[in-house]
Amino acid sequence: MTSLFALCDCNNFYASCERVFDPSLNEKPVVVLSNNDGCVIARSNEAKALGIQMGDPFFQIRNLVEHKQVHAFSSNYVLYGDMSDRVMQTLSQFTPHVEIYSIDECFLDLGDFYDIDLFSYAWEIKRTVTRWTGIPVSLGVAPTKALAKVANKLAKKSAKANGVLVLTEPYHIQKALEATKVEDVWGIGGQYAKFLKKHNIHTALDFTNASENWVRKHMTVVGVRLLKELKGESCLELEEVAPAKKGICTSRSFGTKLTSLKDVKEATASYAAKCAKKLRSQKSCARLVTVFVQTNPFSEHDRQYYNSRTIAMPVATNSDIELIHYATLALKAIFKPNYYYKKSGVIVTEIIPENQIQFDLLDTVDRDKHSSLMKVMDKLTDRFGRSMVQVAAQGLNKNWLLKSDYKSPYYTTRVEEIPTVYIRI
DNA sequence: TCTGGGGTCCTAGGACCC
DNA sequence: TCTGGGGTCCTAGGACCC
């Protein structure tokens with residue numbers, strides 16, 4: 001039995017989302033910035049043509065942005081998440097078996113569709129997504145996921161393909177591998193690309209000619225799987241149900257450098273609350289909480305400091321209040337005065353379903369009370385926005401808030417401006 | 001002045017056990 | 001003088017993804 005996959009990838013996704021709601025941006029250079037308006041994380045084709053690279057710090061291209069009238073946006077993840085849902089919904093019309101691989105990519109299992117005209121079908125998918133959502137997409141179709149990735153990349157690059165490429169004929173597959181640089185292969189990053197080139201492997205085709213043992217020795221079993229996939233043997237299955245997360249992390253750079261424990265504490269408390277909310281939304285609890293802090297690694301004259309601390313909580317939890325409590329303890333253990341802090345983060349691990357908590361005989365926390373309080377808070381924040389209500393430890397001043405100077409409106413989920421209510425426990 | 005955030009998997013090596 | 005060996009668990013680090 002032969003397998004068949006399509007990879008559908010949204011073109012310049014975040015930039016395209018901004019365009020859907022403001023068509024005057026069509027054919028204009030558009031970039032979307034990372035949190036804190038730090039660097040470029042999405043570019044329209046026109047912005048790419050100006051030489052703007054992925055990851056370029058915004059301040060370094062500010063001149064270009066002004067001269068060439070580049071439209072820059074702060075990232076608006078609520079909007080992008082909503083548009084992503086619409087795209088994925090549309091794709092599910094074409095096969096019951098889809099894997100949402102990332103916010104802007106989806107694998108479709110086309111299983112035994114070999115007897116239909118794949119090219120027409122792929123085009124139909126592409127046209128429908130664009131018509132229903134306004135987002136342009138590219139499709140690659142091939143017998144394995146890794147080859148579908150190759151096909152997708154070429155579909156985007158080649159003017160002739162114009163966004164759709166079907167790779168089922170061995171000759172076409174070979175030509176495609178030959179045209180793909182080894183560093184552009186899914187699963188080969190900078191380190192491996194450098195290593196492979198040193199061994200005279202420059203294209204995906206060169207790579208498929210390497211021996212399995214050699215690949216295993218230098219690239220582990222992950223490399224071997226990739227090798228087989230590129231040779232047409234499917235090793236990576238469709239994952240329709242996303243496996244439960246093993247860790248959840250919330251971390252941010254601060255809007256400015258912070259020196260006081262109070263400010264770092266408030267920021268960290270907010271990240272802890274965000275982790276708790278994520279846990280609740282997937283109906284799980286965590287037993288370990290890790291906090292890290294760091295100074296600005298780009299700053300040459302500042303003294304550098306990084307540290308982290310993990311605390312095992314007596315009972316796994318998803319309560320804002322409890323998580324904030326332990327995260328604050330962890331922070332106090334690693335915080336040192338007289339440093340310029342630029343970033344902190346909270347990571348929760350040892351995640352279990354919330355109905356499988358091991359209770360502690362000496363537990364003093366009223367878990368029912370916490371749980372009903374959290375339910376009320378979630379209802380309020382879901383309806384009125386996340387700043388509607390919060391635990392007081394998250395602070396009032398928000399000196400640490402990140403920059404977001406160029407945000408587009410919440411087109412799909414309008415949130416009214418409502419004053420925050422603070423809960424003190 | 002200003003440089004993102006959130007994940008995954010695999011391996012080697014040490015600790016520990018019998 | 002000779003000083004086992006196999007298994008498991010955990011962690012740190014390194015690679016990758018979007």
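Remember, predicted model here, so these are calculated numbers, not experimental data. Chain naming here is simple, since letters A, B, ... match the order of the sequence lines and numbering starts at 1 in each. Values reported hereafter were calculated over all heavy atoms of this structure, with side chains retained and with hydrogens, waters and symmetry mates removed.
At whole-Å resolution of the value, CZ in A:Phe207 and P in C:dC16 are 12 Å apart. Between A:Asn12 atom CG and C:dC18 atom C1' the separation is 14 Å, expressed in whole Å. At whole-Å resolution of the value, CZ in A:Phe13 and C1' in C:dC18 are 12 Å apart. Taking atom CD1 of residue A:Ile103 and atom P of nucleotide C:dC17, one finds them 19 Å apart after rounding to whole Å. A:Leu227 places its CG atom 16 Å from the P atom of C:dC16, with the value rounded to the nearest Å. Distance NZ (A:Lys194) to C1' (C:dC16): 16 Å, rounded to an integer number of Å. When rounded to the nearest whole Å, the span between CE of A:Met219 and P of C:dC16 equals 8 Å.
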Applying ring-ring contact (aromatic ring centres under 6.0 Å, His included), run through A:Tyr14 and A:Phe73 and close with a yes or a no. CA-CA 9 Å; A:Tyr14 298 165; A:Phe73 291 90; over 10 Å; no
Please walk me through it: do A:Lys153 and A:Asp9 pass salt bridge (charged side-chain N to carboxylate O under 4.0 Å, His left out)? CA-CA 9 Å; A:Lys153 202 148 232 173; A:Asp9 184 320; over 6 Å; no
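Interatomic distance, A:Leu147 CG to A:Leu177 CG, rounded to the nearest 0.5 Å: 6.0 Å.
Counting only Watson-Crick or G-U wobble pairs whose defining distances are both under 3.5 Å, the stems of 3 or more consecutive pairs in DNA chain B are B:5-18 with C:5-18.
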Nucleotide-resolved protein contact map, nucleotides 1-14 of chain B, B/S/- at heavy-atom distance under 4.0 Å: -BBSSSSSSSS---
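In this structure, A:Lys149 reaches the sugar-phosphate backbone alone: every heavy-atom distance under 4.0 Å involves primed, P, OP1 or OP2 atoms, never a base. Contact annotation for A:Asp104: backbone-only contact, meaning every heavy-atom pair under 4.0 Å involves sugar-phosphate atoms and none involves a base. At the heavy-atom level, A:Ile188 lies under 4.0 Å from the strands shown only through sugar-phosphate atoms. Across all strands, A:Val40 comes closer than 4.0 Å to no nucleic acid atom at all (heavy-atom distances).
With A:Phe107 as the aromatic partner, A:Lys145 meets the cation-pi criteria of under 6.0 angstrom to the ring centre and within 45 degrees of the ring axis. A cation-pi contact links A:Arg303 to A:Tyr339, judged by a cut-off of 6.0 Å to the six-membered ring centre and 45° from its axis.
The separation of B:dC16 from C:dG4, taken at their C1' atoms, amounts to 15 Å, rounded to a whole angstrom.
Between A:Thr203 and A:Val182 there is no side-chain heavy-atom pair separated by less than 4.5 Å.
In this structure, A:Trp123 has its ring center at least 6.0 angstrom away from the ring center of A:Phe94.
Classification of the A:Trp186-A:Tyr101 ring pair by plane angle, with boundaries at 30° and 60°, yields perpendicular.
For A:Glu27, the CD atom counts as loosely surrounded, since its 6.0 Å shell holds 12 or fewer non-hydrogen atoms of other residues, nucleotides or ligands.
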